[in-house]
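What follows is one structure encoded as structure tokens, with my remarks underneath.
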Amino acid sequence: MNGSRRYEYVMDEAEIRDFCLHAFLEQLKCSKKTGIRLLVILAAELLLIPEAAAMTVLLMIVLVAAVGIYNYVATAKLLRGQPGSVWIEGGRLKAQRKDYGEISCANIKLVRRTKRLLMMGYMQRAGHPAWFMIPLRSFRDENEVNMFLAMLRNPAAQGNYYDQTGQCSAGVGAAVPAGQENTGTDFGDPFGQYIKTEPREYLRFQYWLDWERWVRLQKGAADLINGGSLGRTARIYGMIIWGCVVMGALIGGSYLAAKKFDWLIVCYSFALTILVILKIYYTDPEKLIRKQLMSQEAAAHACGLWQVSLTEEGVSLTMPADMKNVYLWTSLAWLVETEEVFYLFHKDKKHFVMIAKESFQSWDQVHLFHQVCADHKIQKAAPKKARYVPLWLLLVLFILCLFTLFGAAMIRTYLTKRDEPGLVSGDVYGRVPLEEQVEVLESLGLHVPEETAASVRDSMEEYGMYDLVEESPYTWLLTDMGAPTYDEGWNVTEYDGDVFWFDFEGVDISTDYIHILNGMLALAEGSCLDDVTDIREDMTDADWESGRGTVTVSLRWKGEPYQWDMEMYYDWIDAGVLGILNQLLEQEGSQESFYATGDNGQGAIVFFCTQEWAKQFTRKTGLVLEKAK
């Protein structure tokens, strides 16, 4: 009989990580349709409210990461420290760890070579490959790897490539395929124990499964597990863990983005978490089970003749496509009877062996079957039916959740604006009379001199500027209040202590930056910026003819020199000057900073205030104050 060397090994941590990573990536490659559906959902969310789309993206990242981590932990626990072996014999790929399984080499359709492993797999069900693997360090050289692959592809034609006395090196355990399972997400399936000598056989059964019956029996097993027939199911713990992880990620992500807890987003995150839990744990698995047979290869492993043998050592299962597994009695825990089949469940509550009732020839066989199970301490469990949430209902709930979020956001915005008397300019909500503008500014703690109000009022009457002043409220008053006072020689004699205004089109670019910084310092009188001295401008790198180059602005603060390069464009001022002093304030951890807004022209209106005051100013005036950078 032609055969390969038997490769015996124990996986190290690097090889376990290598296997888990590549097995997980292969699973993701099989999830293209899910990715397309997610893109459609994200597009809908972006149209309604971008924050919801951001939460969904974050949720998907968390779910993918959590699934990857869970699979790694579960698989590493299964493989770590476990000796295993893989070999080819008689045209079949065989594997033994503590468990044993075999499959025809012709059924191995996936061959992947990683940095540390040779992985060989077949599509156990659509989108879910199961793997055998050998660590590359187990082979003597590259030639031996190639010979092994050649025998895998055509074992009958290759002959014996190996000398019979050669010994394989120590290596890595394998995750190997197994008996049927429900909807678990593990990378590979455990085997039953390999029996080297033929044990005494108690009973033997055989039966046929077609597509529909296989789906029905698989769903029946899933219903028993999900319904709690085997005791408290893993999905109870999964719901708690997944719920906490998802909620924590969504709320934490929204807080980091907004620097505060937005209760609207928190409520949406909670609703989204509930929907995800219902989708994962409470949707009918029948559709998913049917998808498992979408590929011809997976269907060939499920549909056909099934044979079950009960022996002294355990349960031997021979499946279609010439696959075989053997389970020790010590690995089985429950016997559940339904109208159509007996299920023998593994202790992990995921894997099982099913025996169709028509395969029993007499009631004596039924009694003997029960007696054998009882003798090996297999516990009988009463079947309990699972309850599921229809998928269409989840979709409806998600759409309602999305529209509720959008509506709540619109209502909150409207109520916030309505509650503040001078919230927005007259462009949208009508004219704001000059007297009301004065009242709003005074309510913010800004003193509006009577001569300022009188000057603006005179301009309105003399030049007919009612529309300009009342439909672009507050800017005329603030510009007049923030403009410096000059003497006859155009030297600044005084800056206002509440607000500072300047025009971005400068008067003399060689001194304009000094003038602006002095105006801002006047706002911050009494702060740590009182230590700013020696403000200078250096025009060495300025090209007057082309109007390009840089203007170097420098100063001393607490005795230390600082300098910044401002872009020059003829006589226009670089807006970066507004952020210079904020850099010094950040070093001191100041609660106050410089904030600025436009004047509906080519000037800037600057305040020295806290973030809270800036938000209050924006709510009452509609002029958006932004922190200078």
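This is a predicted model, so every value here is computed, not measured. Values below: every heavy atom of this structure, side chains too, minus hydrogens, waters and symmetry copies.
- Contact check for Met120 versus Arg112: no side-chain heavy atoms found under the 4.5 Å cut-off.
- Panel note: side chain Gln365, backbone Gln361; a donor-acceptor pair is recorded below 3.5 Å.
- Taking the six-membered ring where the residue is Trp, Phe205 and Phe360 present tilted rings, their angle falling between 30° and 60°.
- Within the 4.5 Å cutoff, no side-chain heavy atoms of Phe345 are placed close to those of Val353.
- Residue Leu209 holds its CG atom at 5.0 Å from CE of Met354, rounded to the nearest 0.5 Å.
- Between Tyr7 and Phe148, the two ring planes are perpendicular [angle over 60°; tilted spans 30° to 60°].
- Among the candidates Leu310, Val315, Ile378, the single residue satisfying the side chain to side chain contact (heavy atoms under 4.5 Å, CB included) test with Val372 is Leu310.
- Proximity of Leu305 to Gln206: side-chain heavy atoms (C-beta onward) are separated by under 4.5 Å at one or more points.
- Note that the CG atom of Asn154 and the CG atom of Leu149 stand 13.0 Å from one another [nearest 0.5 Å].
- Neither side chain, Arg92 nor Ser104, offers a donor N or O lying under 3.5 Å from an acceptor on the other.
- When atom types are taken as modelled, the side chain of Glu144 and the backbone of Arg140 share a donor-acceptor pair closer than 3.5 angstrom.
- In terms of modelled atom types and a separation under 3.5 Å, the side chain of Asn107 and the main chain of Ile103 share no donor-acceptor contact.
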Would Arg213 and Glu358 satisfy salt bridge (charged side-chain N to carboxylate O under 4.0 Å, His left out), going step by step from the backbone distance to the final call? CA-CA 13 Å; Arg213 194 178 185 199; Glu358 75 268 15; 2.6 Å; yes

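- In this structure a side-chain-to-backbone donor-acceptor pair under 3.5 Å is present from Ser359 to Ala356.
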List the steps, then state whether ring pair (Phe, Tyr, Trp, His ring centres under 6.0 Å) holds for Phe369 with Tyr202. CA-CA 8 Å; Phe369 172 71; Tyr202 299 126; over 10 Å; no

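- Side-chain contact between Tyr72 and Phe19 is absent, with no heavy-atom pair separated by less than 4.5 Å.
- Ion pairing between a basic and an acidic side chain is recognised when a charged N comes within 4.0 Å of a carboxylate O; Arg216 and Glu340 show such pairing.
- Thr283 has its side chain out of reach of Tyr388: every pair of non-hydrogen atoms, C-beta onward, lies at least 4.5 Å apart.
- Ser229 places no side-chain N or O within 3.5 Å of a backbone atom of Pro383 that could act as its donor or acceptor partner.
- The number of heavy atoms from other shown groups lying within 6.0 Å of NZ (Lys77) does not exceed 12.
- Between Arg6 and Glu8 there is a side-chain heavy-atom pair separated by less than 4.5 Å.
- For the atom pair Glu102 CD and Lys324 NZ, the distance stands at 6.0 Å (nearest 0.5 Å).
- Within the 4.5 Å cutoff, the side chain of Met147 has no heavy atoms near those of the Met151 side chain.
- The CG atom of Leu224 sits 7.0 Å away from the OG1 atom of Thr338 when rounded to the nearest 0.5 Å.
- Between the side chains of Thr311 and Glu201, no donor-acceptor pair of N or O atoms lies under 3.5 Å.
- To the nearest 0.5 Å, the span separating CE on Met133 from CD on Glu15 amounts to 9.0 Å.
- Within the model, atoms CG of Asp284 and CD1 of Ile289 stand 8.0 Å from one another, a figure rounded to the nearest 0.5 Å.
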